[in-house]
Structure formats: C-alpha cells, structure tokens
Engineer: 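I am attaching a structure below and will ask some questions about it afterwards.
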Amino acid sequence: MDKTVVKFDTPPVVEVVCGVQFNQLQEWKSHHYGLFWQTVNEAFPVVEDKAPLLMGLELPLGPATPPKLEFLESFLPRVWFHSEDRCQMIQVQNDRFLFNWRKADNETSYPSFEVVKAQFDQHFSKFDNFVTQAGMALLTPNQYEVTYVNNITKDNGFGELGNDALFTDHSRNEVNGRFLGQTESINLRWTYTLPNDWGRLTAHAQTAFMIEQNNEKIIRFDVTARGWPGDASKSAKEAWFALAHEWITRGFAEMTTPAAHKYWKRTQ
C-alpha cells in the first residue's frame, strides 16, 4: 500500500487509545491493582473502578454460530488510573492494558501518533515488568488495538454540513421531489479487512450529545484497528501499529468529504 501521509492542522480527534490484549493472568488478584498503582501513582493519582471489557478477537467474518451460555470466570474490575488533569489514562484488567491520550479543553493540536505510541510503550513496559516481578506467568499478547475518537461539532463542520455531507459513503442525493427531509440522526458502521489478515478496521459514526457542553448535538466518529501480526516479536508489533495508524488516518480521510476537510485544514 502506498505510504501516503495524511495530515490535518486541526483534526477533530479528541482521544487516541493504544492497547494490547493478552491471555488472562490467572494469578492476578484484586490487591495487584493497588500494588501496580504504587508504581505509577505520581503520574496517575486518580483511580476509578469500571466494568471489565469482554475479551474478543478480530476473526474473519463467516457463517453465524449458534449462541452459547457462558459464565464469568472472574469478578475482577477494569481499573482506570488518571493523570491529575485527566488527559492521560492507563486502563488495566487481567487480560488487557490500554493507554489513552485525551485532548484538554485548552489544547489546539493533537501531539502526533508517535508521541502517544511512545507513551503507551513506556507504560506497558512498566506493567510488563510489574507482572514479571510479581511472579506471574509471562504476558502472552494475542491482539493489539488503536482507536481514534473524533468529535465533529458545530464549530468544525457539523454546524454547516449536517449529517448528510460529512461522509463520502453517506451523502444525501438531492433530487427533485425527494420525500424524506434531512436526517435527524445517524448511526453508521463500516468494516474493512487489514492486509495480511492482520485484523480489521472498524469505523462507527453516530449522533451524540456533549453533556458538558449543554447537550450540544455532535457526530462522534470512532475509527478502530484491532488485530494480530502473527507473532509477538518487537518488529512484528511495530509493523502492526504502523499499519494500523496508516489505515486509520488514510481511512478517515477517504471516508470523510473534501468539504469537511476544509474545516480541519487538511495539508496532506
């Protein structure tokens, strides 16, 4: 694939997540959250308990399988460790590690994927070392993930373009005598297979409301890559994250319209 660079001066991205899923740590108990927090509490002093994410692997689409009854093997939570300003966050559960960058209210630019990825690597390495020193089994990754969260608001395109002129695959066909008016809300989802069977790119655009902004109506547009390069080597990991970033950024540019790009000041 052509390594075309995509850049915007003011992209609508408000959050970027890098993560790794691994085989469940059977030795992980509730007190390990506290012990790990002691290694990061200076940078991440705020702690919240959340429901755990379900384990899932991006597998090729195929025939439907019959439902089956499953029982939870663990009641352990997912724990969020926040920075004081809530602009960085580590998420930990017994089969997942995630790092979130979040845009501050007064921030005007996204620092770059390279910066966020380096922070993820740094914090995951610390977590990996903690697991080893605690005498648990070695972490065995089985899936990587990257997510970009974009808020398209009245000030960066939604106010002028509305629901029906933001996405190339969902553009209103203006014809004489059209019965349906403008859409009130949208809930769109696209999936694409990554090269080399390395996973899947999923894009999801939906109407949402910003509670902290007097319930302002927006479009939340999430673009996620999840998958696995086939082995756990460092070179394979770096190749997967590079591919994921390329597909997310180029996919975002292809799925959104040139009219929207003007609001985000596309430069490449």
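From a predicted model like this one, the values you see are computed outputs, not experimental measurements.
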Engineer: Are any side-chain N or O atoms of Gln143 and backbone N or O atoms of Arg226, one a donor and one an acceptor, separated by less than 3.5 Å?
Structural biologist: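 Not at all, since once roles are kept as given, no pair shorter than 3.5 Å links the two residues.
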Engineer: Counting C-beta onward and ignoring hydrogens, is there a side-chain heavy-atom pair between Leu201 and Leu194 closer than 4.5 Å?
Structural biologist: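 Yes. Closest side-chain heavy atoms under 4.5 Å.
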Engineer: Give a yes or no on whether the backbone of Ile186 and the side-chain of Asn163 come within a donor-acceptor separation of less than 3.5 Å.
Structural biologist: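 The answer is no, because no donor-acceptor pair under 3.5 Å joins these two groups.
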Engineer: Apply the test side chain to side chain contact (heavy atoms under 4.5 Å, CB included) to residues Thr132 and Leu138: give CA-CA distance (whole Å), side-chain angles for both, the deciding distance (0.1 Å), then the verdict.
Structural biologist: CA-CA 6 Å; Thr132 299; Leu138 294 177; 4.2 Å; yes
Engineer: Distance-only, no hydrogens or angles: does the Thr249 side chain make a donor-acceptor pair with backbone N or O of Val6 under 3.5 Å?
Structural biologist: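 No, Thr249 side chain to Val6 backbone: no donor-acceptor pair under 3.5 Å.
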Engineer: To the nearest 0.5 Å, how far apart are CG in Asp164 and CD in Gln182?
Structural biologist: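 Rounded to the nearest 0.5 Å, the CG-CD separation comes out at 5.0 Å.
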Engineer: I'd like to check Thr202 versus Arg189 (side-chain heavy atoms, cut-off strictly below 4.5 Å). Are they in contact?
Structural biologist: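 In contact.
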Engineer: Can you tell me if CD on Glu212 sees more than 12 non-hydrogen neighbours from other groups inside 6.0 Å?
Structural biologist: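 Above 12, so yes.
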Engineer: What's the spacing between Thr267 OG1 and His261 NE2 if we round to 0.5 Å?
Structural biologist: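 That separation rounds to 11.5 Å.
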Engineer: Test ring-ring contact (aromatic ring centres under 6.0 Å, His included) on Phe252 and Phe221; report intermediate values, then the result.
Structural biologist: CA-CA 9 Å; Phe252 173 87; Phe221 185 33; 5.8 Å; yes
Engineer: Under 30°, 30 to 60°, or over 60°: which ring-plane class applies to Tyr110 and Trp101, parallel, tilted or perpendicular?
Structural biologist: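 Ring orientation of Tyr110 relative to Trp101: tilted.
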Engineer: Measure the shortest side-chain to side-chain distance between Tyr33 and Asp49 over non-hydrogen atoms and say whether it is less than 4.5 angstrom.
Structural biologist: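 Answer no - side chains too far apart.
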Engineer: Is there a side-chain contact between His82 and Phe44, using heavy atoms and a 4.5 Å cut-off?
Structural biologist: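 They are not in contact (no side-chain heavy atoms under 4.5 Å apart), so the answer is no.
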Engineer: Take Val13 and Lys103 through the side chain to side chain contact (heavy atoms under 4.5 Å, CB included) test and state the conclusion after the steps.
Structural biologist: CA-CA 8 Å; Val13 59; Lys103 185 178 180 181; over 6 Å; no
Engineer: Could you go through Phe113 and Val146, starting from their C-alpha distance and side-chain angles, then the distance that decides it, and tell me whether this counts as side chain to side chain contact (heavy atoms under 4.5 Å, CB included)?
Structural biologist: CA-CA 10 Å; Phe113 179 72; Val146 177; 3.9 Å; yes
Engineer: Rounded to the nearest 0.5 Å, what separation is found between the CD1 atom of Ile90 and the CH2 atom of Trp80?
Structural biologist: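 Result: 14.0 Å between the selected atoms.
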Engineer: What are the two closest non-hydrogen atoms of Arg266 and Ala253, and how far apart are they?
Structural biologist: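 Nearest heavy atoms, Arg266 then Ala253: NH1-CB, 3.7 Å.
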Engineer: Given the rule in the salt bridge (Lys or Arg N to Asp or Glu O under 4.0 Å) test, do Arg86 and Glu48 qualify, once you have shown the distances and angles that lead to the verdict?
Structural biologist: CA-CA 12 Å; Arg86 303 295 183 110; Glu48 288 186 78; 3.5 Å; yes
Engineer: Side chains of Phe22 and Asp128: does their closest heavy-atom pair fall under 4.5 Å?
Structural biologist: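 SC-SC contact between Phe22 and Asp128 ruled out.
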Engineer: Give the minimum heavy-atom separation between Ser83 and Asp85, together with the two atoms involved.
Structural biologist: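 So the two residues come closest at OG-OD1, 2.7 Å.
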Engineer: Would you say that more than 12 heavy atoms from the other residues, nucleotides or ligands in this model lie under 6.0 Å from the CG of Asp105, or not?
Structural biologist: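 Count not over threshold, so no.
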Engineer: When you compare the side chain of Arg78 with that of Arg96, does any pair of heavy atoms fall below 4.5 Å?
Structural biologist: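 No, every pair of side-chain atoms sits at 4.5 Å or beyond.
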Engineer: Any non-hydrogen side-chain atom of Trp198 less than 4.5 Å from a side-chain atom of Trp228?
Structural biologist: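 Result no, sub-4.5 Å side-chain heavy-atom pair not found.
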Engineer: In chain order, what residues pass the side-chain contact (heavy atoms from CB on, under 4.5 Å) check against Thr168, with sequence neighbours excluded?
Structural biologist: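 Expected list: Thr257.
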Engineer: Let me check something: do Trp37 and Phe127 share a hydrophobic cluster, defined by ILVMFWY side-chain heavy atoms less than 4.5 Å apart, either directly or through other members?
Structural biologist: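 Yes, because Trp37 and Phe127 connect within a single hydrophobic cluster, where side-chain heavy atoms sit under 4.5 Å apart.
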Engineer: Is there a side chain to side chain contact (heavy atoms under 4.5 Å, CB included) between His245 and Tyr148? Walk through the geometry before answering.
Structural biologist: CA-CA 9 Å; His245 177 244; Tyr148 273 57; 3.3 Å; yes
Engineer: Side chain to side chain donor-acceptor pair (under 3.5 Å) for Asn151 and Thr153? Distances and angles first, verdict last.
Structural biologist: CA-CA 6 Å; Asn151 284 349; Thr153 70; over 6 Å; no
Engineer: For residues Val92 and Leu35: do they belong to one hydrophobic cluster (side chain heavy atoms under 4.5 Å, members Ile, Leu, Val, Met, Phe, Trp, Tyr)?
Structural biologist: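 Same cluster.
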Engineer: Can you give me the closest heavy-atom contact between Ala260 and Leu166, atom names plus distance?
Structural biologist: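 Nearest heavy atoms, Ala260 then Leu166: CB-CD2, 4.1 Å.
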Engineer: Is there a donor-acceptor pair under 3.5 Å between the side chain of Glu27 and the backbone N or O of Ala137?
Structural biologist: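 The answer is yes, because a donor-acceptor pair under 3.5 Å joins these two groups.
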Engineer: How close do Gly199 and Glu58 get, heavy atom to heavy atom, and via which atoms?
Structural biologist: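 Closest approach of Gly199 to Glu58: CA-CB, 4.5 Å.
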Engineer: Check the hydrophobic clustering (I, L, V, M, F, W, Y; side-chain heavy atoms under 4.5 Å; chains of links allowed) and say if Leu188 and Ile152 are grouped together.
Structural biologist: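 Both belong to a single hydrophobic cluster.
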Engineer: Kindly work out whether a path of hydrophobic side-chain contacts (I/L/V/M/F/W/Y, heavy atoms less than 4.5 Å apart) joins Met55 to Met136.
Structural biologist: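 Unlinked, Met55 and Met136 end up in two clusters.
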Engineer: Can you find a side-chain donor-acceptor pair between Asp231 and Ser233 that sits under 3.5 Å?
Structural biologist: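 Looking only at side-chain atoms, Ser233 and Asp231 do form a donor-acceptor pair, the distance falling under 3.5 Å.
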Engineer: Side chains of Asp222 and Thr224: any donor to acceptor distance under 3.5 Å?
Structural biologist: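 No pair is found: no donor N or O on one side chain lies under 3.5 Å from an acceptor on the other.
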Engineer: Using 30° and 60° as the class limits, which term best fits the ring planes of Phe120 and Phe241: parallel, tilted or perpendicular?
Structural biologist: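 Rings of Phe120 and Phe241: tilted, as their planes differ by 30° to 60°.
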Engineer: Atom CD of residue position Gln268 - does it have more than 12 heavy atoms of other residues, nucleotides or ligands inside 6.0 Å?
Structural biologist: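 Enclosed: over 12 neighbouring heavy atoms sit under 6.0 Å from CD of Gln268.
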Engineer: Enter the distance from Phe130:CZ to Phe36:CZ here, rounded to the nearest 0.5 Å.
Structural biologist: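 So the gap between those two atoms works out to 7.5 Å.
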Engineer: Between Phe8 and Phe158, is there shared hydrophobic-cluster membership here, with clusters defined by ILVMFWY side-chain heavy atoms closer than 4.5 Å?
Structural biologist: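 Yes, because Phe8 and Phe158 connect within a single hydrophobic cluster, where side-chain heavy atoms sit under 4.5 Å apart.
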Engineer: How close do Leu243 and Pro195 get, heavy atom to heavy atom, and via which atoms?
Structural biologist: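 Leu243 and Pro195 have their closest heavy atoms at CD2-CD, 4.0 Å.
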Engineer: I'd like to check Leu53 versus Leu98 (side-chain heavy atoms, cut-off strictly below 4.5 Å). Are they in contact?
Structural biologist: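 Yes, side chains in contact.
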Engineer: Would you say that more than 12 heavy atoms from the other residues, nucleotides or ligands in this model lie under 6.0 Å from the CG of Leu57, or not?
Structural biologist: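 Counting other residues, nucleotides and ligands, CG of Leu57 exceeds 12 neighbours.
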Engineer: At what distance, to the nearest 0.5 angstrom, does CG of Asn156 lie from CD1 of Ile219?
Structural biologist: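 Here the interatomic distance stands at 11.0 Å.
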Engineer: Report yes or no: do Arg220 and Gln206 form a side-chain donor-acceptor pair below 3.5 Å?
Structural biologist: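 No, no side-chain donor-acceptor pair sits under 3.5 Å.
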Engineer: Taking all non-hydrogen atoms of both residues into account, name the closest pair between Leu76 and Pro52 and its distance.
Structural biologist: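 Looks like O-CG, 3.6 Å.
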Engineer: More than 12 heavy atoms of other residues, nucleotides or ligands under 6.0 Å from CD of Glu84: yes or no?
Structural biologist: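 Atom CD in Glu84 is not crowded, with 12 or fewer foreign heavy atoms closer than 6.0 Å.
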Engineer: About how many Å separate CD of Glu254 and CZ of Phe167, when rounded to the nearest 0.5 Å?
Structural biologist: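 It comes to 14.5 Å.
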Engineer: Report the residues that fulfil side-chain hydrogen bond (donor to acceptor under 3.5 Å, both in side chains) with Asn100, sequence neighbours left out, ordered by chain and then residue number.
Structural biologist: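 Asn100 satisfies side-chain hydrogen bond (donor to acceptor under 3.5 Å, both in side chains) with Glu15, Gln91 once adjacent residues are dropped.
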Engineer: Which residue, His123, Lys117, Gln119, forms the side chain to side chain donor-acceptor pair (under 3.5 Å) with Asp121?
Structural biologist: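 It is Lys117; the other options fail the test.
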